[in-house]
Structure formats: C-alpha cells, structure tokens
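First the structure, in the form of structure tokens, and then the observations on it.
Just so we're on the same page: letters track the sequence lines, and every chain starts at 1. Values in this document were obtained by computation on a predicted structure and should not be read as measured data.
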Amino acid sequence: MTTQTATAGLQEQGGTDFKKVGVWIASVGIWFLPLLWIDPTTYAVLTVAGLAMGMLIFLTASGLTLIFGLMDVLNLAHGAFFVWGAYVGFSLLNALQQVGWVEGAGAAQSIGSVLLCLLAALVVGGLMGIVLEKMLVRLTYGSHLKQILITMGASLILVEILKVVWSPNDEVVMVPAAFQGSWDIMDVIITKFRVVAIVVGLVVLGGIQLVMMRTKLGIIVRAGVENKEVVETLGYNIRRVFTGVFCAGAALAAVGGTMWSIFKEQIHPAMGEENLIFALIVVIIGGMGSVTGSFLGAIMVGLAFNYVAYTLPPLALGANIMIMAVILLIRPTGLMGKE
Amino acid sequence: MAEPILSLAKVHTYIEQHHILQGVDLSFMPGRATVLLGRNGAGKSTTLRTVMGLTPASSGEITLKGRAVQAMKPYEVAKLGVGFVPEDQAVLYTLSVEENFRLAMLSESETTWARMETIFQLFPDMKKFWRSKAGVLSGGQKQMLAIARAFVNDHDLLLIDEPSKGLAPIVVDHLIESINHIKNHTTVILVEQNFYMASHIGVDYFILDDGRTVHQGLMADLVHDDGLKQKYLGIA
Ligand SMILES: Nc1ncnc2c1ncn2[C@@H]1O[C@H](COP(=O)(O)OP(=O)(O)OP(=O)(O)O)[C@@H](O)[C@H]1O
Ligand SMILES: [Mg+2]
C-alpha cells in the first residue's frame, strides 16, 4: 500500500503512461526481491519489524521535515528531544512499576502505562521545543551554518545534562506486561509491541494529516511552507506559527523516543544521535517539507534496514544511504519534495 | 476636511544598502480612490511594501487611522484593517482556491461567507475552480484570485499593486468594474501602469519618481495634462 502511494508521488511529475507503469511495478516489486534469498516466514517477520521501525523513525522525521519546510531550519537538536523522551518514559515506567502497572499489569493498566509515558514525553518534548525555539533557534533564522552550529551545541548540552540527571550507561527498560512477548500466526512470530508501534505511527500520521488538511491551522502551515510573506500580510504572526510547529515537532520526537525505548527494551544517551541519522536520511528521501514523503521514506528505510541487517548485517546503515543516493539521482528533491 | 486614513511623511526605505525611497510624502483620504503613478523602478511597489512593513521604513512617519505604524510587523498592519494585493500574483499554488480564500478570511463568520456570494458574482471563475489547486489557474485567473481574496474581509484600506498586469483588455474592464464596486466600502490605493485603468478608478493621484513624491492632484486634471504625463509617465 505504501509503495503504491510512493509511485503516485512519482507519477505527478508526468511522463508517459508506459513509464509510469514501469516505475510502479519496479517500486512495488523491489520490496519482494528479498524473497529470492529469505524464506517467506522470516520475510514476514522482518517486514513487520521493518514497518514498526519505519513508523517510529517517522515520528522523529515528521517534525524534522515540517520544521525544515516551514522554517527553513536544520534542527540537529531533534535527536536530543528523542533521547529525552526515551529517558522520561523510562523513569515513568520505573515509577509505574511501584504501583504494579508494568510487570504483572493487566491489559488496561499496560495500555494506561504506555499512554501516560507518551503523554509525559509529549509534554516534556513540547516544552523543550518551545524554550529552544524562543531562546536559540530564533537567533539563527536565515543562516543554515548558524543553525547547524547552535542546534548541534544545544544537543550536546542537553545530552550531557541527561547523563547527569540519569546515567551515562545503558539502562534496561521494562515493558508493560500486556505488550511483552509475541503472537505466533502460522509460524510467523510477531512481537506484540511492534504492532503497537505500527498502530501509534498510523495514528500520528492520521492526526498530522487531519490537522494539515482539514483545519485552518493546517492551511496556515502549508501556506507558510510556500510563501511566508503572503501569510504575514494576510494577518498571521508567522513567528507564532514557527514556535508552534517547532514545539509540535519536538513533542513528536520525544514520543518517538519513548516508543523506541520500549521497542528496544533498553536505552543509552547516544540513541538520539543514532536516530537523528535515520530521520535525516528519511527526510531527504521523502523530500524536505513533505510529511507524506517522510512517511514513505521512513517505511522504506525501516524495511530496507531489516532485510539487509538479516542478510548482511554490516551493510544495514550503508544500504539506507545507498537508497537515499539512488532516489536523489532519480529525483533530486526527494520523493515528494517541491521542485 | 477629514483626517487622512493613511499618510506617509518623509519616508525613507533601504533595501540592503540601496536607498530606495528617499522622502516619500503621501496622504490618502477615506473613500477617495487614489492611484500611485510613476515609471518603472520609481518606487511604487516599495512604497506599498513599506506601508505593509515588508520593507520597513528607516525613517519618517507612517500614520494609519491616527496610529503610527512604521515600526509594525506586516501581520499587525494587516490586522488594523489593511488588505494587500502584491505585484506578483501571490496566490498559494499548493492550496486549493477554497483554501486560498479561507486563509484570507480573518474570521469565518456568516457575513464573510455572505461576501463570498458577491465575490462569486464578480469572479465566476472562482466558483468554477473552487476545489482546484490555485497553481493550475491561468495567469489572469491567479490575478483575479489574488484580488478577490482581498475582498473577503471588510478592510478599511486596500493596497493593490498593478492588478492589470498580463490581463486581457476585457478582463481589465471587468476588474475596473469590480474595484469600483468595492470602492464604496473600502478606500483603495492602486499602483497602476495602465493609464486607462488608473483613470477609470482613481479620484486622486500621486506621481513618484526616483523614490520621491514629485506630483499630486486630481485624476480628472491629469487626464488632460499631456505635459505631465509625458514627463513622468512617458505617455502622451
Ligand atoms: N530586493 C531589491 N534589491 C535591490 N533593489 C531593489 C529591490 N527591490 C526593488 N529594488 C529597486 O528599488 C527600486 C524601486 O522598485 P519598485 O519595485 O518599488 O519600483 P516600481 O515603481 O514598483 O516599478 P515597476 O513599475 O516596474 O513595478 C528599483 O530601482 C528596484 O531596482
Ligand atoms: Mg512595482
């Protein structure tokens, strides 16, 4: 389904029907290629894992792409929101464990625990986003170099603070009981939390699309991506919109971090930077500024990472950079980027 | 006589290091449509952009309805009841025609939607392409959208920069009719090279040259003043 939408994006650039059909078949077909050397059961497991990973990368990438598209800001502090979200979730799960909502919890309590973690991450990430935008990012509008230096500096500081508040070492994250283990569907082992990740990713995608396509705020943001001056002269304070989008993007990254920590069952301070690399690849593949593009890019990266990691583990990240390079050769602005 | 709705006194504007406006003095009376004239590069567009706060004045005073606005941000000026139609068909291509209008609506009240009905009568194409992306409209239709969009709010003042650019003569006539229609509610300030259009809308006029106000008067007089037209506008 996702690859179909990907080709729909490619079709928009025109070309003959014949060429479109070719591109369509190629872009759907390529995801079945691993079946040549991976047995179907393993393939199914890897696909679910890849989709789940893609959804979680999307959480970080969606904010990053909007911040770039609207504000023209390269935000390298995005990974810091992610890792802070992860640690906030980790601490909250430890606290909830005391009241029996994690290990040995029932279904309702488990869901409640995860939702509380997501909410806490959302709030902490959002607040960090507002403060960072108002204090630092605001000073860097118009200069990518300043943005890179300042957001990278902010990121380093935030991670150092995190090491002081928590610890510089790996920590094990407890998974609420109802999401532990896996289902076995005809020999295909599906880890429960992967399904949760896919659901959360789809809900967030749906939410973003709803706001962007159906609300006045969405119209203002999309208009701002295209032409800030017009939006200003129509009576909107674009700076306020900037702060709002930065806050929302940071909150989503933090939610992504919490989800990732439960997904991986462990956390470490460098996980923000690692995730940022994936998110940047995804944003470039999808086209800077396009949420749908990021979604497609994230799915591609998630799937490719898992197929390649199974086949040739050392090449997993390299394969994603390859995909990025190939897509940029075919379409320099990314899958859904503006011309 | 009544207070001017908008006045500029000794306004200077720099764009980067270039000294573009070098002492612009203008005043606009409520209810009297005024045309800004002058040859290419005279500073007409910059004057409107300076009023909007897009290229802020470096010195001088801009007074809107008795309020000093020279230090205000564009959105603040807009909120004081000023509509702005820029020179370059500034419609949002990736938004539908409907979304372009909704973006322009400062409130989506019943009166606003009632005004939409009038707009559809003036610009039937807007209804026809209501759900299409504005990017697919023709140049003339984009221009109409940019102007019609400015009609959805009950502005006190409307700044329109060269609406006739690239439009067929029949469309220009149509546009003149539309602008004259809103002139009854809104004070219109029009930058226009097309003298036919300028003379059919303007009551007062100002001529700018090299970033300065060089002449002003009644449009009815300018129509017969071939010397002045020759000197500053290059038309006889
Ligand atoms: N961004 C800019 N950078 C440098 N110079 C500029 C810029 N914008 C305008 N100018 C200069 O300012 C002067 C006035 O420009 P402006 O657009 O106000 O003229 P205009 O009277 O509207 O002309 P036209 O009738 O051609 O639209 C011109 O000489 C132009 O070259
Ligand atoms: Mg001009």
Most heavy-atom pairs under 4.5 angstrom with chain A, which of L106(B), V82(B), L103(B)? L103(B)

Indicate the atoms forming the closest heavy-atom contact of L234(A) with A78(B), along with that distance. C-CB, 4.2 Å

M213(A), CE atom: more than 12 neighbouring heavy atoms under 6.0 Å: yes

Hey, can you dump all donor-acceptor pairs under 3.5 Å between chain B and chain A, distances included?
| unit_1 | atom_1 | unit_2 | atom_2 | d |
| --- | --- | --- | --- | --- |
| R49(B) | NH1 | E229(A) | OE2 | 2.6 |
| R49(B) | NH2 | E229(A) | OE1 | 3.3 |
| R49(B) | NH2 | E229(A) | OE2 | 3.4 |
| Y75(B) | OH | N237(A) | ND2 | 3.0 |
| Y93(B) | N | E226(A) | OE1 | 3.2 |
| Y93(B) | N | E226(A) | OE2 | 2.4 |
| T94(B) | N | E226(A) | OE1 | 2.9 |
| T94(B) | OG1 | E226(A) | OE1 | 2.5 |
| E99(B) | OE1 | R222(A) | NH1 | 3.2 |
| E99(B) | OE2 | R222(A) | NH1 | 3.4 |
| E99(B) | OE2 | R222(A) | NH2 | 2.8 |
| R102(B) | O | K216(A) | NZ | 2.8 |
| L103(B) | O | Y236(A) | OH | 2.6 |
| M105(B) | O | K216(A) | NZ | 2.6 |

Toward chain A, the part of V77(B) with a non-hydrogen atom under 4.5 Å: neither

